Colleague: 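The following block contains the structure, expressed as structure tokens.
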Amino acid sequence: MNNLNIDFKNYLHFFLGLFAVINPIGMIPIFIAMTGFQSTKERNKINIISNITAAFILIISLSLGNMILNFFEISIESFRIAGGILIISISISMIHGTLMNNLIKNKNKNKFFYNKENISIIPLAMPLIAGPGAISSTIIWSTHHNNWNNKLGCILVILLFSFICWIFFQIAPIFIKILGSTGINILTRIMGLLLMSLGIEFIISSIITIFTKML
């Protein structure tokens, strides 16, 4: 019975850790900024694909992430730096307003090209939902709780968390109606600035960790 309680606490801690790192409530403005010009059907499809993809990425990270990083001799710090650079590149396009303009242009010009560049995979699923922070914490958790009973429980936690993210994104149209096109454009640039800060934070914290280990 005590073991069950300990397992439950571990799963609760893992869930709260994911919630803190990913912050699905804070992701709502980003989702609005990136899907504000989509139809309801397209937005719902992006919501489903992005959360399913993010869940799949986290489950793979839980099961094989540590082995993959070790195989390629990649440290978690290096992974976080790469993710930070990717986030910064995305944030620059958001600040300059080119991200949404390119999405609209590609959608109107070439449907096939627009589908190929589907934002549900990049950047929503990765690195915004299943980002370096979430992947790193998932890999770290798996190294400390590496038996398959705990991993199965953690997989269920990931699926539950993805479902909650889906619910949060489903209520995004309410915010879209309130903000309108002008508000979304302003919000896009604000969130771009915040994302750039997040990317820089990933890079700085990883560099500090690397230098600390060297000392």
Side-chain angles (χ1 to χ4, degrees), residues 10-28 30-31 34 46-91 94 118-166 168-169 191 194-210 212-213:
N10 285 335
Y11 301 144
L12 180 60
H13 290 161
F14 180 66
F15 177 85
L16 293 177
L18 284 179
F19 199 95
V21 171
I22 298 175
N23 187 15
I25 298 176
M27 282 285 296
I28 291 177
I30 301 175
F31 184 79
M34 293 187 174
I46 289 173
N47 185 12
I48 293 173
I49 294 176
S50 62
N51 281 291
I52 290 177
T53 304
F56 178 76
I57 292 172
L58 292 179
I59 291 172
I60 292 297
S61 300
L62 177 75
S63 305
L64 304 174
N66 196 39
M67 182 174 63
I68 293 174
L69 291 181
N70 289 335
F71 178 80
F72 290 102
E73 297 182 351
I74 300 173
S75 66
I76 293 178
E77 288 75 23
S78 298
F79 185 83
R80 286 174 62 87
I81 291 174
I85 293 173
L86 179 58
I87 289 176
I88 290 175
S89 66
I90 294 168
S91 66
M94 291 178 68
N118 200 325
I119 61 173
S120 59
I121 308 298
I122 296 176
L124 279 176
M126 185 177 183
L128 295 182
I129 301 177
I135 293 175
S136 299
S137 62
T138 301
I139 293 175
I140 292 172
W141 193 94
S142 68
T143 59
H144 293 293
H145 307 83
N146 54 8
N147 66 73
W148 282 104
N149 289 333
N150 284 331
K151 286 189 176 182
L152 179 60
C154 192
I155 288 174
L156 295 178
V157 171
I158 291 173
L159 294 176
L160 174 62
F161 182 81
S162 297
F163 176 71
I164 292 176
C165 284
W166 174 80
F168 280 127
F169 290 168
M191 294 312 302
L194 293 176
L195 280 179
M196 180 178 289
S197 302
L198 179 63
I200 293 173
E201 183 65 27
F202 279 147
I203 295 173
I204 292 176
S205 62
S206 298
I207 291 176
I208 291 175
T209 301
I210 291 172
T212 302
K213 289 181 179 179

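Please read all numbers here as calculations on a predicted model, not as lab measurements.
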Colleague: For M196 and I88, work out which heavy atoms get closest and say how close.
Modeller: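 Nearest pair, atom of M196 first, then I88: O-CG1, 4.0 Å.
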Colleague: Flag the pair I81 / I210 as yes when at least one side-chain heavy-atom distance between them is below 4.5 Å, and no otherwise.
Modeller: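 I81 reaches I210 side chain to side chain.
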Colleague: Quick one, L159 and I59 - any side-chain contact, counting heavy atoms below 4.5 Å?
Modeller: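 Yes, close enough: below the 4.5 Å cut-off.
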Colleague: Filter on salt bridge (charged side-chain N to carboxylate O under 4.0 Å, His left out), then keep only pairs touching residues 66-77, sequence neighbours left out; what's left?
Modeller: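 Sorted pair list: E77-K213.
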Colleague: With rounding to the nearest 0.5 angstrom, report the CD1 to OG distance, I139 to S61.
Modeller: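 Rounded to the nearest 0.5 Å, the CD1-OG separation comes out at 5.0 Å.
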Colleague: Which atom pair, heavy atoms only, marks the closest approach of N51 to C165?
Modeller: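 Taking N51 first and C165 second, the nearest heavy atoms are OD1-CB, 3.0 Å.
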Colleague: Angle class for the F15/F19 ring planes (parallel below 30°, perpendicular above 60°, tilted otherwise)?
Modeller: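 Tilted, since the angle between the ring planes falls between 30° and 60°.
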Colleague: On a heavy-atom basis, which atom in P24 and which in F161 lie closest, and how many Å separate them?
Modeller: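 Of all heavy-atom pairs spanning P24 and F161, the closest is CD-CZ, 4.0 Å.
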Colleague: Is it true that T209 and T212 share a donor-acceptor pair across their side chains at a distance under 3.5 Å?
Modeller: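 Per modelled atom types, T212 and T209 side chains form no pair under 3.5 Å.
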Colleague: Has S50 got a side-chain atom pairing as donor or acceptor with N47's backbone, closer than 3.5 angstrom?
Modeller: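 Confirmed, S50 side chain pairs with N47 backbone.
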Colleague: Would you say that I85 contacts F202 through its side chain, given a criterion of any heavy-atom pair below 4.5 Å between the two side chains?
Modeller: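 A side-chain contact under 4.5 Å is absent here.
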Colleague: What is the minimum heavy-atom distance between K151 and L62, and which atoms define it?
Modeller: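 What the structure gives for the nearest pair is O-CD2, 3.5 Å.
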Colleague: As an exercise, state the distance from CD1 of I57 to CD1 of I121, rounded to the nearest 0.5 Å.
Modeller: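 One finds 7.5 Å between CD1 of I57 and CD1 of I121.
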Colleague: Taking the side chain as every heavy atom from C-beta outward, state whether T53 and M126 have any atom pair closer than 4.5 Å.
Modeller: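 Result no, sub-4.5 Å side-chain heavy-atom pair not found.
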Colleague: Counting C-beta onward and ignoring hydrogens, is there a side-chain heavy-atom pair between F169 and I30 closer than 4.5 Å?
Modeller: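 No, every pair of side-chain atoms sits at 4.5 Å or beyond.
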Colleague: In Å and rounded to the nearest 0.5 Å, what is the CG to CD1 distance from L160 to I155?
Modeller: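 These two atoms lie 14.0 Å from each other.
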Colleague: F14 versus L18: any side-chain heavy-atom pair under 4.5 Å?
Modeller: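 They are in side-chain contact.
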Colleague: Find the distance between CG (L58) and OG (S63) and round it off to the nearest 0.5 Å.
Modeller: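 Between atom CG of L58 and atom OG of S63 there are 10.5 Å.
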Colleague: Could you tell me if the side chain of L198 sits less than 4.5 Å from the side chain of L194, heavy atoms only?
Modeller: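 They are not in side-chain contact.
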Colleague: For the residue pair W166 and I48, what are the closest heavy atoms and their distance?
Modeller: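 Looking at all heavy atoms of both residues, the shortest contact is NE1-CG1, 3.7 Å.
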Colleague: Quick one: closest heavy-atom pair of T138 and A134, and the distance?
Modeller: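 For T138 and A134, the tightest heavy-atom pair comes out as OG1-O, 2.7 Å.
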Colleague: Let me know which of I46, I119, L128 forms a side-chain contact (heavy atoms from CB on, under 4.5 Å) with F31.
Modeller: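 It is I46, the one option of I46, I119, L128 that forms the side-chain contact (heavy atoms from CB on, under 4.5 Å) with F31.
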